[in-house]
Amino acid sequence: LTAIYGIYQHYFGLSDVEMYEIRAKGFYKAMGAESNVRVMSTFSSLVDFSRYLTISGFLAFAWFWRQKRAVFMLGVVALHLFALLFTASRTSYLVIFFSSAMLIVVTGTNARAIAVRGLAILLVVVALYGVLYQYDARVMYNQQFSADPYVVHTMSGITHPTEEGSFLGRLSMWSYIVTTTLTRNMVGHGLGT
């Protein structure tokens, strides 16, 4: 229901109260026009909504994978993935895909099945990125790819992560965390990192 409401917010806009709340919290993030705001559904922030969609989308896939009969759960996963577009959270997509792939691997009945599944998933990922990296990333980052800025932002970040603007900043941040942990702070920086 919250995914559906997030999609509703994207297409029909946020109410005046929701706009007031999102601006008051400093979460106002628009892509393009003033009316094209990143949505948060019934949650207190964009991040909460995207994390919820990530976890519930993975749980829906896990329910399907466990029973193999609940095909309607794949529709729920697709709904969550569609709603995630409008949060513009590329990490959430990667978490759902990685978690689902790991679930498929570890539910193998023996070591051989686990190894075969792991190799198959690795080959699929390498093949997908092999195909996607043949396309010019600049095309994926502009409006020629899609008229919806959320689709452009999300898909370009997933398909060409090294070409994405915040990639170097994130890499620098993680380098700093690792080096300071190894040299100055052996107990880490806390759960927030």
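Note that the numbering runs from 1 along the sequence shown for the chain. As the structure is a prediction and not an experimental result, all values here were calculated from the model.
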Student: Does Gln67 use its side chain to pair, donor to acceptor, with the backbone of Phe64 at less than 3.5 Å?
Tutor: no
Student: When rounded to the nearest 0.5 angstrom, what distance separates CG in Leu53 from OG1 in Thr2?
Tutor: 6.0 Å
Student: Go through the structure and list residues passing side-chain contact (heavy atoms from CB on, under 4.5 Å) with Arg117, not counting sequence neighbours.
Tutor: Trp65, Ile104, Val105, Thr107
Student: Could you tell me whether the side chain of Gln9 and the main chain of Ser41 form a donor-acceptor pair under 3.5 Å?
Tutor: yes
Student: Should we count CG of Leu123 as having more than 12 external heavy atoms under 6.0 Å?
Tutor: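 Yes, CG of Leu123 has more than 12 neighbouring heavy atoms, counting only those of other groups under 6.0 Å.
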Student: Parallel under 30°, tilted from 30 to 60°, perpendicular over 60°: which one fits the rings of Tyr5 and Tyr8?
Tutor: parallel
Student: Could you tell me whether a side-chain N or O of Ser100 sits under 3.5 Å from a main-chain N or O of Phe97, the two making a donor and an acceptor?
Tutor: no
Student: Without swapping roles, check the side chain of Ser99 against the backbone of Ile96 for a donor-acceptor pair under 3.5 Å.
Tutor: no
Student: Do Met73 and Val76 have side-chain heavy atoms sitting under 4.5 Å apart?
Tutor: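 The answer is yes; the side chains approach within 4.5 Å.
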Student: Ser92 vs Thr54, test: side-chain hydrogen bond (donor to acceptor under 3.5 Å, both in side chains). Steps then yes/no.
Tutor: CA-CA 6 Å; Ser92 296; Thr54 303; 3.1 Å; yes
Student: Are there more than 12 heavy atoms of other residues, nucleotides or ligands under 6.0 Å from atom CG of Asp16?
Tutor: no
Student: Can you hop from Phe72 to Ile4 via hydrophobic side chains spaced under 4.5 Å?
Tutor: yes
Student: In Å, rounded to the nearest 0.5 Å, how long is the span from CG of Leu84 to CG of Leu79?
Tutor: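 If we round to the nearest 0.5 Å, Leu84:CG and Leu79:CG are 10.0 Å apart.
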Student: Can you confirm if the aromatic rings of Phe86 and Tyr11 lie within a centre distance of less than 6.0 Å?
Tutor: yes
Student: Establish whether Tyr20 and Met40 are linked, either directly or via other cluster members, by ILVMFWY side-chain heavy-atom contacts under 4.5 Å.
Tutor: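 Tyr20 does not cluster with Met40.
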